[in-house]
Every structure is written in C-alpha cells, then in structure tokens.
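Protein chains get the first letters and strands the later ones, always in sequence-line order, with residue 1 at the start of each.
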Amino acid sequence: MAAYLEFDQVCKFFPGVKALNGVSFSAHAGQVHGLLGENGAGKSTLLKILGGQYKPDGGRLLVDGKERHFGSAKDAIAAGIAIIHQELQYVPELTVAENVLLGRMPTRFGLLDKKKAHRIVAEKLAAIGVDLSPDARLADLSIAQRQMVEICKAIMQDAQVIAFDEPTSSLSHRETEILFRLVKELRANGRTLIYISHRLEELYALCDACTIFRDGRKIVTHDVMADVPRDRLISDMVGRELSDIYDYRERPYGAARLQVQGLNGKHVKGPQSFVVHGGEVLGFFGLVGAGRSELMRLLYNADARTGGTVLLDGAAVATGGPAEAIAAGIVLCPEDRKEQGILATASVAENINISVRRNDLRGGLFLRHKREAALADEFIARLRIKTPHRQQEIRLLSGGNQQKVILARWLAEPGLKVLILDEPTRGIDVGAKNDIYRIIHEVAERGCCVIVVSSELPEVLGISDRVIVMREGAICGELPRAQASETEVLRLALPDGLAPAAPLPERSIA
Amino acid sequence: ADPVKIGFLVKQAEEPWFQDEWRYAEVAAKEKGFTLVKIGIPNGEKMMAAIDNLAAQKAQGFVICAPDVKLGKAVERAAKRNNLKVVSVDDRLVDGSGKPIESIPHMGISGYQIGKQVGEGIVAEIKARKWNMAEVGAIRVAYDQLPTGKERTTGAVDALKAAGFPAANIIDAPQAKTDTENAFNAANIALTKNAKFKHWVAVGLNDEAVLGAVRAAEGRGIKADNMVGIGIGGAKAAENELNKPQPTGFFGSVMISAREHGYQTSVNLYNWITGKGTPPAEVLTKGMLMTRANQAEVRKAMGQ
Amino acid sequence: MSTSPMNPVAAAPLVSRQWLSDYSMPLAYLVLFAVLSATVENFFSLTNVVGLMLSVAQIGMVACTMMLCLASRDFDLSVGSTIAFAGVLGAIVLEHSGSVAIAVAAGLGAGALIGALNGVLIAYLRVNALIATLATMLMVRGLAFIVSKGQAVGINDDSFIDFGDTRIVGLPLPVLVAGACFVVFGILLNQTVFGRNTLAIGGNPEAARLAGVRVERLRVWIFLLQGVVTAMAGLILASRITSGQPNAAQGFELDVISACVLGGVSLQGGKARIFGVLIGVLIMGTVENVMNLLDVDAFYQYLMRGLILLIAVLLDQLKTRGERR
Amino acid sequence: MSTSPMNPVAAAPLVSRQWLSDYSMPLAYLVLFAVLSATVENFFSLTNVVGLMLSVAQIGMVACTMMLCLASRDFDLSVGSTIAFAGVLGAIVLEHSGSVAIAVAAGLGAGALIGALNGVLIAYLRVNALIATLATMLMVRGLAFIVSKGQAVGINDDSFIDFGDTRIVGLPLPVLVAGACFVVFGILLNQTVFGRNTLAIGGNPEAARLAGVRVERLRVWIFLLQGVVTAMAGLILASRITSGQPNAAQGFELDVISACVLGGVSLQGGKARIFGVLIGVLIMGTVENVMNLLDVDAFYQYLMRGLILLIAVLLDQLKTRGERR
Ligand SMILES: Nc1ncnc2c1ncn2[C@@H]1O[C@H](COP(=O)(O)OP(=O)(O)OP(=O)(O)O)[C@@H](O)[C@H]1O
Ligand SMILES: Nc1ncnc2c1ncn2[C@@H]1O[C@H](COP(=O)(O)OP(=O)(O)OP(=O)(O)O)[C@@H](O)[C@H]1O
Ligand SMILES: [Mg+2]
Ligand SMILES: [Mg+2]
C-alpha cells in the first residue's frame with residue numbers, strides 16, 4: 001500500500017533551535033499514525049508544516065504521491081488537510097456554530113444561512129455525541145468543551161488527512177471516549193490520521209503505527225504499534241530507562257495543615273470543606289466541569305468568594321487577591337496555561353522570577369539580575385526545560401516546556417506551604433511527568449501540602465495519598481489511597497452514582 | 001409677541017475675545033430684556049447643528065462669527081429655512097464665489113486690516129528706535145491653515161513691506177499648532193537660521209504666537225531693546241506681558257473692541273427682530289495699538 | 001433547541017440577563033430621552049429631534065464602518081481628514097467640471113484610495129494601525145490644504161447643495177443616508193460572511209487565518225469601505241455647509257471612536273453591535289444638543305461632556321460587571 | 001550558562017540579530033542625524049541642537065511615563081489637558097500665594113489627583129482606558145478654562161521663570177529634567193520589580209494577577225506617576241512661556257503616543273524600551289526642526305510628517321519582519 005502522506009527529510013530551524021532536522025516518515029490511508037516524543041521534540045512543528053502555517057527550511061512534503069508546497073493554511077485546507085492544534089484556535093466571542101464553520105459559513109442569497117448553520121452543526125455535534133448548543137459562545141464554555149468544538153471543526157472539513165495535536169490533554173473521560181470512537185470511525189472511512197499524545201495508553205488503544213521523535217530527529221517508526229513494548233517506547237522517547245513513572249513512596253504525614261471551611265462562590269454548589277495534612281498529596285478528581293478548578297481558584301483568592309474561610313496552620317489566610325495567598329505560602333499553577341499562566345512575550349527567566357523575586361529585592365524595589373539568572377538556569381536544568389537560553393520568549397517554547405516553566409515559577413518559592421497544581425502534567429511527556437511526580441513528592445516530604453487536580457485517573461490514583469472526588473460543583477466523596485480504585489472513584493464522579501459500566505448519560509458534559 | 005430669543009454663535013468659544021463678545025452681548029440682553037443663547041461652533045458641522053438647535057429653541061435670529069467665511073451660503077440657507085434673522089460679526093460671510101452675502105448685515109474688522117495695524121505699529125517703533133531696516137529680521141509666526149491667521153499675518157507683512165522693509169528679511173516660522181510652545185519652537189528655528197540680524201520684530205495671528213517668538217528671542221539673549229513683537233487681541237496674555245516690571249520684547253498688542261462687537265450686534269439684531277429698524281449693511285470698527293505707555297487709555301476707549 | 005445542554009434552572013436567569021445586557025443601553029437611552037423630554041424645554045419637538053439627528057448624521061455614517069474596523073481589532077484615525085479632503089476635492093472638481101456625478105465620483109474614489117492605502121499598510125506591511133492611520137491622517141489633511149491652498153472651496157451648484165437640504169417625509173436626506181448606513185452595515189455585520197469573518201479576525205486573527213479566512217484581504221476591504229463611507233460623509237457635509245473646508249472635522253475621529261466604544265464595541269476586537277453603535281451616536285448627539293438648549297457655559301460644556309461619557313460607560317460597566325465572574 | 005542547551009553554531013547569528021534588533025533604531029537615527037548635519041544648513045550647530053532638544057523636552061518627559069502606561073496595555077489621552085491645567089493652576093497659586101513651592105506642590109498635586117482618578121476609573125471601575133482618559137481629558141481641559149476664566153495667567157515670579165531659562169553646562173534645565181526622566185524611568189523599567197510587573201500586566205493581566213502581581217494597585221500607580229510627571233511638564237512649560245495657558249498642549253497626547261510607538265512600544269502591551277522611546281521622541285523633534293530649517297511650506301509639512309512617520313515604522317517593520325517566522 002502506498003503512503004498517502006509522506007514527509008521526506010523535512011527540516012525547520014528557528015533561531016537557536018533545530019526544531020526538525022531531516023525528518024522522514026509516511027502515513028497510510030486508513031491508518032492512525034501516532035507521533036511521540038518528549039516536549040520540544042518537534043511534533044507540533046511538523047503539524048504546522050503540514051497545515052501550511054510554517055514553510056519547511058528543507059525537505060519535501062508529499063500528499064497522495066504529489067509534492068505539495070502550502071503557502072497558507074487555506075492551501076492546506078484546500079488540499080484536504082485538517083489540523084487540531086495544540087494551542088486551541090477559536091474565536092471566543094463567536095458561537096459554537098460560527099467557530100465550527102469559520103471560513104465556510106453557508107449562505108443564501110449572499111446572506112448567512114444561520115438556520116442551516118445551526119442545523120448542520122447541531123446534527124454533527126449530535127452525531128459525534130457532544131452535548132452542546134450551537135448557539136453557545138465559546139467564551140462561556142469550559143476548555144474541554146472548547147476542545148470538542150475544535151475537534152468538531154476539523155471533522156466538519158471532511159478532510160482526507162486529519163491530525164490531532166494532543167487532543168485529550170484537556171478532555172476528561174467521557175469526551176475522550178467520544179474522541180476515540182470518532183478516530184476509529186474516521187479510520188474505518190479510510191482517512192489518514194496523525195495522532196500526537198503523551199499518554200501511552202491512548203496511543204496503544206488507537207494507533208496502528210507510530211513514529212518516535214527526539215530533538216528534532218526521527219528515532220524510529222514502528223509499523224505495528226501493538227508489538228512495541230511500553231518500556232521500549234519510553235526509553236526511545238526520553239533516552240533513558242524509567243520504571244515506575246509515579247514513583248510513589250509511602251510517607252508519614254502530619255497534622256491537618258490547610259483547612260478549607262465552607263468555601264462558597266459562583267461556580268461551586270454550596271459551601272465546600274476539606275482539609276489537607278502537612279506532607280500529604282491530595283488528589284482531586286472529577287469529570288470536566290465538576291468544579292475543581294473553580295474551587296481551587298476560590299481557595300487561591302483568584303475569584304470572589306461568597307463565604308467560607310481558609311485556615312493555614314490555624315491562622316486565617318487573608319483574602320483580597322492571589323498576592324495574599326502567595327504571601328501566606330499558597331500557590332496555584334493554573335490549568336489554562338495560555339490564558340492564565342504564561343506571560344507570552346516575556347522571557348523564560350522572567351516567567352520564572354515574576355513572583356519569587358519579591359523575596360529578594362534590593363531596597364524592596366531593585367532587581368538582582370544575577371540571582372534571577374542563576375535561579376532561572378537552575379530550574380531550566382532541574383526540570384530539563386528545553387530552551388536555547390533563558391532569554392527566549394516563552395511563547396516560542398513547546399507547550400510542554402511552557403508548562404514546566406510555570407511549574408518552576410512556583411517550585412522556586414522558598415516559603416511554599418501549599419502547592420496547588422491544576423492539571424500539572426497537561427501536555428507533558430512521560431519523562432517530564434516522572435520529573436514532576438518526583439518533585440511533587442519532594443515538596444510533600446518537606447511537609448508542604450500538595451493538591452493535585454487532574455482529569456487523568458491513573459495519575460490521580462498513582463500519586464495521591466488521598467483522593468477527593470467532585471461532581472457538579474460539589475465534593476461528593478473522599479477515598480484514602482488504599483480504597484481509591486478506579487471503579488470506586490469513577491462511581492463517585494459519575495452523575496447519580498451510575499456505575500461506570502452503565503451507558504453514560506447525555507448530560508454529563510454540561 | 002413671543003419673548004425675543006437671540007443666538008450668538010462664535011467660532012472659538014474658548015478664546016478670550018469671544019468670551020468678551022459674549023459678555024457684552026449679555027449686557028445688551030439684560031438691558032433690552034431678551035434671552036441670549038451662546039453656542040460655540042468650532043466647525044461647519046457644529047455650526048449647522050447649532051442653527052438647527054436655535055430654531056428648535058424658537059429663537060428669532062442669531063449673530064454669528066462663522067468658523068469660515070465661505071460658510072456664508074450655508075448660513076444663509078439654514079437661516080432662511082428656519083426663518084431666522086442673521087447678523088454676522090467679526091468675519092464677513094461670503095458665498096461660494098467669494099462675494100459678500102448682501103442679505104446678512106455685518107459688523108467687524110477684516111483680519112487683514114488688523115494685521116496692517118500691527119505692521120504699521122512695528123514700523124513706527126523701528127523708526128522711533130532708529131534701527132536700520134536691513135539689520136532687522138521679521139518673524140512671521142505662521143499658521144496658514146487658519147484663514148484668519150493667514151489674513152492677519154499677511155496684512156502685517158504687507159504693511160512692513162510698504163514701509164520699505166526688505167522682503168528678504170521676513171522669515172516665516174510655521175507653527176504646528178496655535179499655542180505658545182509651538183510658536184516658541186518655530187521662532188527658535190527661525191532665529192537659528194538667521195543669526196545675522198541685530199534686531200528682531202515678530203508678528204503672529206494672536207498674542208500667544210508673538211509671545212512664543214518673544215520668549216524664543218529671550219532665550220538667545222535678544223531682550224526688549226532689540227525685539228519688537230506686536231500681538232493681536234489684547235487680552236490677558238498681553239496684559240500680563242505689558243504689566244511685567246521690566247519691559248519685554250512684547251511691545252504691544254492691537255486691541256479690538258469686543259464691547260462694540262458683542263453689544264452692538266446683538267442690539268442691532270434685537271431691533272431688527274422687534275421691527276425697530278434694520279441694521280446697517282456693514283459697519284467696520286477699528287483696532288487700537290495698546291502698548292505699555294497707553295494701555296490704560298486704550299482699555300478705557302475700548303470699554304474694557 | 002433540543003440540543004441545548006442548558007439546565008432549565010439556570011436557563012431562565014441567563015436568558016433574562018442576556019436580554020438585559022442586550023437592551024440595557026437602548027432602555028437607558030429611552031429613559032434618558034423621556035427624562036429630557038419632560039425637563040428640558042424645546043427638547044421634545046420635531047425640529048429639535050430632527051436637528052439632533054442631523055447633527056449626528058456624519059458621525060453615524062462613519063461609526064458604521066468604524067465599528068467594523070474596531071471589531072477587526074484595528075483603528076482608524078484618518079477619518080476626520082478624509083472627510084475634509086473628500087469635501088474639498090468634491091468642491092474643486094465640481095467647480096471645474098460642473099458635473100455633480102464626476103465630483104461625487106472623485107470624492108468617493110479618493111476615499112476608497114485612502115482607505116485602501118490604510119488597509120495595505122496595516123494588513124500587508126503590518127504597520128501599527130495607530131501609526132499608519134495617524135500618518136495618513138496627517139498626509140490627507142496636508143493634501144486637503146494643498147489642493148485648496150488652505151482656503152475653503154465654495155460650492156455654487158444648487159443641485160449639489162440641495163442634497164444636504166432636501167427632506168423626505170420630514171427627514172433630511174443626510175439623516176436618511178445615515179439610517180440606510182445603519183441598516184446596511186447592520187446586515188453586513190450580522191447576516192453576512194463578511195461580518196462574521198470581521199469579528200473572527202478581531203477575536204482571534206490566528207484562528208481565522210488557520211480556518212482559511214483571507215485575513216489580509218478582508219482588512220483591506222474593511223478600510224476601503226471605511227474610506228468610501230467617510231468620503232460620502234465628507235461630500236454630504238460639503239453639501240450641507242455649501243463649501244469644502246480643508247480644516248473641517250478635526251477631532252472627528254475621536255468622536256466616532258467614542259461613539260462606537262460607548263455603544264459597546266470593544267477596542268480589543270471581536271465585539272460589535274450595530275444597535276449599540278446607534279445608541280452611542282445618539283448619546284453623543286443628545287448631550288451636545290441638550291447642553292446647547294440649556295445654554296451651558298462653553299467651559300462647563302467640557303466638564304459635562306466628560307462626565308456624561310464617564311457615566312455612560314460606568315453604567316454599561318456595572319451591567320457587564322455582574323456577568324464577568 | 002552551562003545549563004543552556006544552546007547549540008553553538010546557531011548562537012552566533014542569534015546574538016548578532018538580537019543586537020541588530022536592539023540597536024537598529026538608534027543606528028538609523030545616528031545615520032539620519034549625520035546625513036542631516038551634512039546636508040541641512042544650520043542643523044548641526046549647538047544652538048540648533050539645543051533648540052531641538054528643548055522643543056521635545058515636554059514630550060520627552062511625558063513619553064517616559066506614557067511608555068509605562070502603554071506597556072501595561074493602557075492608554076492616556078488626558079496628558080495634554082493635564083499640562084495645561086497644571087500650568088494654569090501653578091500660575092494662579094503662585095499669583096495668590098507668592099510661593100513657588102506651594103505653586104509647584106499645587107500643580108504636582110493636581111496632576112497626581114488626575115492620574116489617580118484615571119487609574120481608579122480604569123483599574124478598579126474597569127472603564128475602558130480610551131473612554132476614561134478621553135473623559136478626564138475633557139473635564140480637565142474644562143477645569144483649566146474655568147479656573148483661568150479662559151485667560152492666560154501671567155507669572156511674574158522671577159525665580160519661577162528662571163527655571164525655564166537657566167542653563168547648566170550649556171543645556172537648559174527643561175532638557176536636563178527630561179534627560180533625568182529618561183534615566184529614572186529607564187531604571188524603573190529595567191531594574192525594578194515595578195517595571196517588570198508593568199510589563200507583565202501588559203503582557204497578560206490575568207496571568208500576572210495569578211502570579212501575585214497586584215494589578216489594580218500597580219495600574220493606579222502608573223497613572224499617578226504619569227499625572228505627576230505630566231504636571232511637572234506643565235509647570236516647566238508655564239515657566240518657559242511665563243504664563244499658564246488654558247489652551248496649551250492640545251493634541252499633545254497623540255504626539256506623545258506616536259513617539260512611544262515609533263520607539264517600539266507595543267500598543268498590545270508587554271513591550272517597551274526606554275532607548276527606543278528616546279529615539280522616537282528625537283525623531284519627532286528632528287523632523288519638525290528640519291522642516292522648518294528647510295522652509296517647508298506649512299501645508300506640505302503635514303505630508304512630510306505623515307510620510308516620515310510611515311517610513312520610520314516601515315523600517316522598523318522590515319527589521320522585525322525577518323524575525324517573525
Ligand atoms: N516560532 C518558534 N520560534 C522559535 N522556536 C520555536 C518556535 N516554535 C517552536 N520552537 C521550538 O522548536 C522546538 C519544537 O517545538 P514543538 O512545539 O514542535 O515541540 P513538541 O514536540 O510539539 O513539544 P510538546 O510536546 O511540548 O508540545 C522547541 O524547542 C520549541 O521551543
Ligand atoms: N468563565 C466561565 N463562564 C461560565 N461558566 C464557567 C466559566 N468557567 C467555568 N464555568 C463553569 O463552572 C463549572 C466548573 O468548571 P471548572 O473549570 O471548575 O471544572 P473542572 O472540574 O476544573 O473541570 P475542567 O476539567 O474543565 O477543568 C462548569 O460548569 C463550567 O462550565
Ligand atoms: Mg506540541
Ligand atoms: Mg479544571
């Protein structure tokens with residue numbers, strides 16, 4: 001069978017970075033081709049070349065045997081290529097239907113045919129099983145819902161080649177299942193699918209073949225995914241052996257340190273209370289929109305609360321804003337990296353130092369450039385952040401490396417007492433995940449409280465000492481590590497106590 | 001009959017000159033017992049809106065100093081449409097081809113004439129100081145974007161030339177805006193380019209412009225004895241200069257009577273509306289040169 | 001809407017809030033209008049209301065296209081100069097050719113050129129919109145002075161002048177033209193691909209580009225439209241004031257942009273409502289009108305104008321505040 | 001930098017390109033300056049260069065704080081009015097109190113109040129910066145007219161007037177003050193947490209807030225500083241022209257903002273270089289200066305100013321273009 005899509009010695013260079021250095025591989029029609037590689041390996045860059053966003057600095061791209069040169073995204077779309085980008089590309093003020101049909105709105109007599117747009121999008125959404133109104137504004141949706149809209153948009157292009165760049169990084173259980181079903185249908189229809197993910201289980205579940213990248217080079221292509229042992233994948237990818245990535249160790253934990261009492265606010269349902277012990281890693285699980293992020297934001301003073309207190313070591317934490325929480329030693333690593341995390345046009349060093357430098361100013365005002373540089377370099381090394389130098393603008397880093405920079409920002413805090421991580425490993429490669437888990441445990445061992453909000457069930461189970469489950473804006477259960485099995489947690493997280501084996505009810509996304 | 005209501009529309013409401021006109025019009029209103037509506041009309045668009053506004057207020061007529069004299073026809077038509085009587089003040093309105101509009105009585109003084117008085121004042125002072133005209137540089141702080149500005153400064157320059165002032169010694173200093181700081185910058189460059197002159201004179205469209213030139217000259221050590229600047233307007237800015245303990249290069253200012261213009265035009269219009277007589281087709285007033293020496297008399301004569 | 005996931009409990013307040021947010025500005029304006037009618041003498045009369053509308057006709061026309069421009073996250077400071085230039089050019093061409101059609105064509109053509117220049121500079125050469133349009137603002141103003149030698153150009157052609165005066169069913173033509181602009185651009189914004197794509201490139205240019213929208217071309221079109229409509233406003237102004245004035249409409253750009261922002265158009269792009277812009281324009285005109293009716297002192301007019309601008313946005317702010325979080 | 005994974009082959013062009021991008025504007029200005037010195041008579045003379053600097057002293061001072069304002073993704077249109085008001089108020093207080101100290105304090109205090117008002121409106125009440133500062137621009141201008149009754153307020157105090165005249169090592173005090181502003185605000189921007197946080201909130205206000213930056217407070221401070229520096233510029237202007245003029249500095253705000261944008265400050269926030277702003281200010285002043293030295297006709301000056309603005313940003317654009325992809 002001839003390859004439908006072929007990359008031949010493709011190169012792409014950025015100042016100081018060889019993002020792709022002569023990469024060749026091919027994907028066939030009716031195949032799901034997985035791409036793996038650590039953060040910054042060049043996967044997204046490859047897709048951007050495929051999508052006409054970047055012009056390659058060398059090499060050829062062949063679609064259906066013909067060499068193609070795309071001048072813009074429009075050319076790529078015309079050639080039957082659809083891409084779901086890692087950084088979601090939607091227009092927040094427009095509706096679901098308008099986003100899905102952006103650039104291809106149906107018209108009648110020169111005017112928009114809104115009815116038709118509504119109808120076809122509603123049909124498509126229903127067909128793929130996403131429960132969303134075509135008239136909702138994207139700005140009002142959760143990230144997961146936005147992600148589903150993006151997927152819908154790509155599917156509706158009816159393209160021959162569809163590439164997914166970490167589509168599940170912000171999806172939870174149910175949407176992931178929808179996505180899997182979609183991918184399989186598309187494969188059955190003879191489409192050529194490219195699938196990038198850092199979650200190995202997904203790759204095993206979906207992909208027929210896979211190609212592994214490291215440092216802008218192809219390491220190997222496995223034609224039959226199922227035959228490749230997991231350890232082999234990991235070591236090819238990160239260039240070293242990894243045994244247990246969660247790295248969990250039993251550790252004694254102290255008295256209740258953080259007490260959250262009756263916290264209430266706009267997106268949570270009623271007052272919520274819980275405690276975290278010193279040295280404990282507390283996992284928060286829930287379906288998308290369960291209200292975990294909102295609860296954490298309330299705790300962090302990021303949103304206005306309508307009631308409740310937060311006690312740290314017995315003393316109430318001042319309200320006001322995040323600055324007060326940080327001063328008390330509570331920090332939050334937000335879930336939406338692009339909107340809430342990075343200072344896009346600032347350097348890596350600046351992004352790391354933005355908060356921590358307040359402890360180390362000359363005269364309360366003047367920066368200590370040398371120390372800041374040293375700190376930045378230290379964390380670039382410790383977290384293996386891939387950047388040509390610390391002065392690189394953070395927006396030019398790969399997604400996973402940006403995440404590491406934000407983590408570094410908080411790990412650098414000397415007075416850290418409570419570390420809240422909202423989806424900390426979103427978009428992070430296995431090796432780096434392992435690094436982060438190790439760091440989480442180190443932080444806990446220092447006697448800090450660590451709260452990990454995650455939609456990845458294995459991750460929550462793998463690293464937490466205790467798991468709290470949320471559903472529809474409220475805490476609905478709590479399980480110590482010993483009792484926290486996958487079934488148990490899911491039973492709590494699913495609406496109305498439905499067992500996970502039962503068919504999922506329609507309204508669980510909302 | 002309805003109570004009489006008269007509009008008084010002026011092009012630059014913030015200018016002291018027009019504020020004074022308004023003040024004297026108020027005096028007339030109080031004396032004669034009519035209502036005065038004062039509206040600033042910085043441009044043609046606002047002027048049209050203001051006339052409509054007057055009609056809505058059931059005014060019977062208005063006095064106008066239009067932002068541009070060529071707006072004459074528009075004023076005439078708008079007035080006719082709304083059945084309003086019009087008198088123009090300061091600037092005589094003309095039609096599209098530049099002919100004065102006969103149906104609108106006028107009281108004022110041409111910008112060119114005021115400018116001429118400035119020039120004549122300067123010439124007299126040059127002669128009094130026995131300067132050699134060849135050694136005198138003249139700065140025309142120019143703002144030709146404004147028709148009145150161009151008329152005034154052209155008048156001044158023409159008067160200088162008529163008195164034998166060498167045309168080559170007249171230097172244009174175009175200011176980017178009409179404030180003192182821009183006049184300062186413009187004059188400063190003119191001075192830089194022409195360091196050769198021993199004495200200087202300056203004209204501009206108002207007191208602020210001349211003041212800028214005077215300050216720039218001072219910055220180069222050209223003080224009162226080598227500088228003669230005559231402004232136009234004679235309001236506070238001029239008064240401040242003329243009352244400084246030491247004489248400055250700001251020699252004087254040609255003052256026009258806001259009293260005459262403000263008071264008389266509104267009275268004329270009132271009489272016209274109430275059937276007590278049509279205003280004369282054109283009345284021209286004169287300006288007076290006010291200097292340190294005569295400022296008290298001039299102010300008194302001008303009714304300030 | 002069978003597919004809507006909206007939960008019925010939350011839906012009711014959501015809908016009414018949406019309604020409130022959509023109509024609060026018009027409602028507020030209606031209230032303001034009623035209060036002014038009751039308290040300000042002569043305000044509520046046909047002549048005055050027509051006068052009011054006439055006074056904002058030019059702003060209204062240009063606000064329609066400025067809305068598109070702002071919605072696409074751009075900015076245009078050159079409209080004031082374009083008004084002046086189109087008026088002056090139209091008057092000169094009219095004087096020389098004697099043909100109204102040629103004069104109008106010349107004015108509109110010049111506007112289109114200026115707009116296209118802005119568009120090309122901003123979209124293709126990627127010059128900052130503020131600087132690009134500031135530069136054209138200066139250059140076009142300069143041209144207006146140069147072609148007219150700094151003097152107003154009189155117009156004697158009655159058929160041209162009549163345009164500004166003619167009334168149909170009691171409404172002056174300029175008002176009708178402005179009304180037509182609101183209808184046309186309202187449809188363009190809400191009912192056409194052009195409008196949706198405009199909002200899309202304002203909301204997220206990268207997303208629009210990746211979806212295959214020809215971002216550059218669209219931006220040029222927006223500016224071109226703006227140029228043409230502005231030139232039309234300039235010609236209408238010239239007809240109303242029976243002359244082309246090279247220094248007309250100074251500061252006009254800020255009035256137009258303020259009207260749009262008052263009407264809820266976001267300077268961050270991606271948000272625009274034609275109805276809001278209409279209200280914004282009317283608020284600007286009403287304030288001016290009432291101050292003149294009340295004979296407010298010229299100096300205090302500044303204060304009032306500032307205050308009212310503030311109150312208007314603060315009210316709007318309070319409303320959207322609740323929605324924010 | 002032992003930990004940096006930088007590849008040594010790629011590093012060299014990177015550094016030189018960085019260097020080019022940092023210094024291309026100053027270099028371009030130096031070239032321009034040299035060319036003008038060689039070709040334009042009287043340009044390269046002490047008096048002219050000092051005059052040039054004096055002519056941009058006020059713009060320079062205010063550009064320093066405007067840079068911070070723009071860097072934090074805000075906007076301030078009220079500076080021109082504040083200059084006028086501070087000058088008028090200073091002159092009036094001086095007249096009544098006879099004390100320079102009290103007059104200066106009054107002027108600066110008024111500036112601080114205006115700035116703080118802007119800041120509170122924008123940061124806490126979340127009014128759009130354009131509208132908020134447009135409103136204060138109108139109100140403050142109104143106040144300037146009201147307190148002075150529309151008349152220039154004379155200053156007779158010699159010690160106050162001397163301030164605008166005095167020269168130290170050949171440089172007039174206003175120029176030195178402007179220079180000091182550049183130094184102080186350069187340090188503030190690059191060497192302090194204040195400056196970094198300003199850039200951070202300009203780059204991404206939400207992320208900055210979550211990173212512990214007190215966004216609202218900082219924005220108020222930025223506006224407050226802007227108010228104070230602007231008032232200082234107003235007082236200096238009053239001293240130079242020996243009077244407080246209520247209609248001074250109209251349109252000043254656009255000049256200042258243009259200078260900043262020319263100097264590479266991004267209106268999207270998050271980017272600012274003090275050196276660039278200095279160059280931007282100098283370019284503005286030089287263009288004006290040279291046009292008058294060359295006797296360019298007033299009408300053509302508009303054209304030239306526009307063209308040069310365009311050329312300057314286009315050059316800058318070409319440079320950054322290469323970097324884009
Ligand atoms: N526009 C750019 N300018 C400079 N460097 C860039 C740019 N885009 C990407 N890079 C660099 O190219 C390399 C590859 O990036 P890419 O985004 O393709 O990685 P990735 O494999 O998708 O990683 P991740 O798993 O984190 O998403 C990274 O080192 C990144 O920093
Ligand atoms: N900006 C917003 N506007 C409206 N509703 C919102 C907004 N942000 C969140 N919500 C709603 O608040 C609820 C809780 O969302 P939250 O993001 O806290 O969930 P989560 O458990 O963290 O899930 P996720 O996996 O999406 O992060 C959801 O119903 C969501 O739709
Ligand atoms: Mg990637
Ligand atoms: Mg979340």
Side-chain angles (χ1 to χ4, degrees), chain A residues 48 51-53 72-78 83 85 87-94 98-107 110-114 117-118 121-123 125-126 130-136 138-140 145 150 153 157 265-267 297 302-304 472 506-510, chain C residues 1-11 13-15 17-18 21 70-73 184 186-218 264-266 268-273 320-325:
Chain A
K48 284 178 184 166
Q53 226 175 324
S72 69
K74 202 175 171 70
D75 296 348
I77 292 173
I83 298 200
H85 292 276
E87 297 299 344
L88 299 188
Q89 293 293 356
Y90 53 86
V91 184
E93 294 299 332
L94 293 186
E98 287 165 344
N99 267 286
V100 167
L101 296 174
L102 187 57
R104 289 170 294 126
M105 280 293 266
T107 55
L111 297 185
L112 289 180
D113 191 342
K114 290 184 180 174
H118 182 102
V121 172
E123 276 169 6
L125 287 169
V130 177
D131 191 1
L132 260 182
S133 161
D135 297 325
L138 266 272
D140 294 334
Q145 289 170 321
E150 288 283 287
K153 176 157 111 189
Q157 279 177 26
K266 203 148 182 201
H267 291 291
R297 284 175 62 87
D303 290 333
E472 291 171 1
E506 280 306 303
R507 48 186 291 256
S508 59
I509 298 177
Chain C
M1 277 208 292
S2 57
T3 52
S4 162
M6 229 176 241
N7 132 9
V9 187
L14 188 71
V15 166
R17 180 183 288 169
Q18 183 64 32
S21 128
L70 296 177
S72 70
R73 214 187 275 187
V184 168
I187 291 177
L188 202 62
L189 178 70
N190 294 315
Q191 309 292 339
T192 68
V193 173
F194 183 90
R196 291 296 104 171
N197 285 353
T198 300
L199 288 173
I201 67 175
N204 186 347
E206 192 57 22
R209 191 191 313 276
L210 291 179
V213 175
R214 290 182 203 275
V215 177
E216 282 77 23
R217 220 160 67 177
L218 185 59
V265 180
S266 160
Q268 261 65 266
K271 254 189 208 167
R273 275 174 310 168
T320 48
R321 195 145 212 219
E323 293 169 22
R324 187 173 301 228
R325 42 175 70 178

- Message: Let's test your reading of the structure: which of A/L88, A/D113, A/L111 forms the most heavy-atom pairs below 4.5 Å with chain C?
- Response: A/L111

- Pick from C/A208, C/G212, C/P205 with the largest number of heavy-atom pairs that fall under 4.5 Å of chain A: C/G212

- Contact leader toward chain C among A/Q157, A/M105, A/E93, A/E87, where contacts are heavy-atom pairs under 4.5 Å: A/E93

- For the candidates C/L188, C/V213, C/L210, C/V193, which exhibits the highest count of non-hydrogen atom pairs separated by less than 4.5 Å from chain A? C/L210

- Task: Applying side-chain hydrogen bond (donor to acceptor under 3.5 Å, both in side chains), name anything that partners A/E150, two or more places apart in sequence or on another chain.
- Result: A/K153

- Query: Out of curiosity, A/L94 CG to A/L138 CG, how far, rounded to the nearest 0.5 Å?
  - Reply: 7.5 Å

- Checking heavy atoms, do the side chain of A/T107, its backbone, both or neither come under 4.5 Å from chain C? side chain

- Message: Counting C-beta onward and ignoring hydrogens, is there a side-chain heavy-atom pair between A/K266 and A/D303 closer than 4.5 Å?
- Response: no

- Message: Checking C/E206 now: which residues fulfil side-chain hydrogen bond (donor to acceptor under 3.5 Å, both in side chains) with it, not counting sequence neighbours?
- Response: A/Q53

- Task: Work out which heavy atom in C/A272 is nearest to a heavy atom in C/A71; give both atom names and the distance.
- Result: CB-CB, 3.9 Å

- Item | Part of A/I77 lying under 4.5 Å from any heavy atom of chain C | side chain

- Query: Which value, rounded to the nearest 0.5 Å, describes the distance between A/H118 atom NE2 and A/E123 atom CD?
  - Reply: 10.0 Å

- Task: Measure A/L102 against the heavy atoms of chain C and call it side chain, backbone, both or neither at under 4.5 Å.
- Result: both

- Item | Interchain contact, C/I187 with chain A, by part (heavy-atom threshold 4.5 Å) | side chain

